[in-house]
Amino acid sequence: YGLTDEQTAALRTAYEEGYFGEPREISLDEVATAMDLSSTAMSGRLRRGMRNLIAATIAEVDEE
């Protein structure tokens, strides 16, 4: 899906720890701490990883 190893680890950890649950079971800061990252770095990895997953799976690509 075009994910880096770091993005895969961030998404997997966030998912397994309940970050994507409703309601959230863990905060961004807690996930970041679990991965020994700042919350800014963790947020960026999650955003880029989700963008790559969306682009590879459900986004419509213009074919010219």
Side-chain angles (χ1 to χ4, degrees):
Y1 299 108
L3 298 173
T4 65
D5 291 342
E6 292 83 6
Q7 290 166 358
T8 300
L11 287 165
R12 182 173 286 128
T13 299
Y15 178 80
E16 290 173 352
E17 296 296 324
Y19 179 74
F20 295 110
E22 253 327 296
R24 283 197 169 126
E25 298 172 25
I26 191 170
S27 70
L28 177 65
D29 287 336
E30 291 170 312
V31 178
T33 298
M35 294 200 60
D36 198 27
L37 294 170
S38 70
S39 59
T40 302
M42 185 67 186
S43 175
R45 283 188 189 177
L46 290 176
R47 271 195 330 276
R48 288 186 300 274
M50 288 185 287
R51 181 191 63 216
N52 288 348
L53 283 175
I54 291 167
T57 57
I58 64 172
E60 293 184 27
V61 178
D62 292 335
E63 295 183 27
E64 294 184 51

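Around the CZ atom of F20, the shell of radius 6.0 Å holds more than 12 heavy atoms that belong to other residues, nucleotides or ligands.
Annotation: the span from Y19 atom OH to I26 atom CD1 amounts to 10.5 Å, rounded to 0.5 Å. In this structure, CD in Q7 is found 11.0 Å from CZ in R47, a value given to the nearest 0.5 Å. In this structure, S43 OG and L37 CG are separated by 11.5 Å, a value rounded to the nearest 0.5 Å. Atom-to-atom distance recorded for S39:OG and L28:CG is 5.5 Å, nearest 0.5 angstrom. Atom CG of residue L3 and atom CG of residue L11 lie 6.0 Å apart, to the nearest 0.5 angstrom. Atoms CG and CE, on D29 and M42 in that order, are 11.0 Å from each other to the nearest 0.5 Å.
Side-chain heavy atoms closer than 4.5 Å link hydrophobic residues (I, L, V, M, F, W, Y) into clusters, and following such links, even through other members, never connects I54 to L46.
For the residue pair T8 / R12, no side-chain donor-acceptor distance below 3.5 Å is found, with atom types taken as modelled. Under the 3.5 Å distance criterion, with hydrogens and angles disregarded, no donor-acceptor pair is assigned to the side chains of T13 and E16.
Listed for the N52 side chain is a donor-acceptor partner under 3.5 Å among the backbone atoms of G2. A donor-acceptor contact shorter than 3.5 Å is absent between the side chain of R45 and the backbone of A10.
Within the 4.5 Å cutoff, the side chain of E17 has no heavy atoms near those of the E30 side chain.
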